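What you are looking at is a predicted structure, and each value in this text was computed from that prediction instead of being measured.
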Protein chains: 2
Amino acid sequence: MTDGRDGGGVSVDEILAALADPTRRRLLDLLAAHGEATATTLAEGLPVSRQAVVKHLAVLDTAGLVTGGRVGREVRYAVRPAALDATARWMAALATDWDRRLDKIKRLAEAAEREERNDDRTPEGNA
Amino acid sequence: MTDGRDGGGVSVDEILAALADPTRRRLLDLLAAHGEATATTLAEGLPVSRQAVVKHLAVLDTAGLVTGGRVGREVRYAVRPAALDATARWMAALATDWDRRLDKIKRLAEAAEREERNDDRTPEGNA
DNA sequence: CCGCTGTGCAACTCTAGGGTTGCACTCGAA
DNA sequence: TTCGAGTGCAACCCTAGAGTTGCACAGCGG
């Protein structure tokens, strides 16, 4: 539960790193909206150069968040929900795990507190 | 659905950025395991200095992923599942959204294809 | 009161990576 | 075959931020 890789062998690390960049998220938005687009087209809708977009797409591709397909002389990219979905599940599971742990710790703390009160009432001289 | 802030007013951007760093995730792991710990304690279990840990904890705190509480002269930190959970839901919703979009696009593409075949059979001279 | 431990603050280094520009290459259309 | 649009590659800035060190400050225990 600490690391985690989805079915495609893409680490959560890569996906989170990819998602951390605002431009990249914007890119994903555009792609989700258009369904399919080239780096050149996408760059027109962003305040960055085509090359920057290409780099970002490469990162997203490595993370499994998009796929690139060649059509003639252009490269069409499309969004790929699987990786995102997998990461979402991973996070949800992690959150649940934390909840369980916190609950357990809380219980232990309360138990320890009761123990201490017991010690107060029964000093060291007992059997 | 593009941005998103949880109930506490913490942007998804901050949470993703916080989660993007491996050391920070490691830190969250340790915290989830111990339930509560100080920066100094946590630093002992990591290959970085206490100061580095303090900085990371500050980031995680801003992102709403941990809380700091002062006990005597030390500061105990604890994990905070709510923000993580909210982000997980956000991601899941986004993934679903992408799925819907892809589906719709696919349908449209197929419809357009049929349209085109129609045009082939009925050249412009119709009416 | 004094010393020890744990925090807080500040300045500084250094690298990853986001962004750019320039140019060479390829493929499709006229 | 030639022109142009689209892509790929490489070298290059520049800043954010991860990490460090040094020191001053605060609080608990003796």
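For the pair A/Arg76 CZ and D/dG6 P, the interatomic distance rounds to 11 Å; values are reported in whole Å. A/Tyr77 places its OH atom 10 Å from the C1' atom of D/dG8, with the value rounded to the nearest Å. Whole-Å rounding puts the A/Arg70 CZ to D/dG8 C1' distance at 9 Å. If you measure from atom CG of B/Leu57 to atom P of C/dG6, you get 16 Å, rounded to the nearest angstrom. Straight-line distance from the CD atom of A/Glu74 to the C1' atom of C/dC25: 17 Å, rounded to whole Å. In this structure, the CD atom of B/Glu14 is 15 Å from the C1' atom of D/dG17, given to the nearest Å. Between the P atom of C/dA16 and the CG atom of A/Asp13 lies a distance of 15 Å, rounded to the nearest Å.
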Scan nucleotides 19-30 of chain D nucleotide by nucleotide, 5' to 3', and note B when protein non-hydrogen atoms come under 4.0 Å of the base, S if they reach only the sugar-phosphate, - if neither. BBBB----BS--

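Looking at A/Val75 and A/Arg70, their side chains come closer than 4.5 Å, going by heavy atoms from C-beta outward. Between A/Thr38 and A/Val71, the closest side-chain pair of non-hydrogen atoms is not below 4.5 Å. Between A/His56 and A/Leu42 the shortest side-chain heavy-atom distance does not fall below 4.5 Å. Inter-residue side-chain proximity for A/Thr40 and A/Glu74 is flagged as unmet; no heavy-atom pair is nearer than 4.5 Å.
For residues 48-61 of chain A, no pair satisfies salt bridge (Lys or Arg N to Asp or Glu O under 4.0 Å), with sequence neighbours left out.
A/Ala20 pairs by the side-chain contact (heavy atoms from CB on, under 4.5 Å) definition with B/Ala20, not counting sequence neighbours.
Contacts of A/Val59 with the nucleic acid, taken as non-hydrogen atoms under 4.0 Å apart, are absent.
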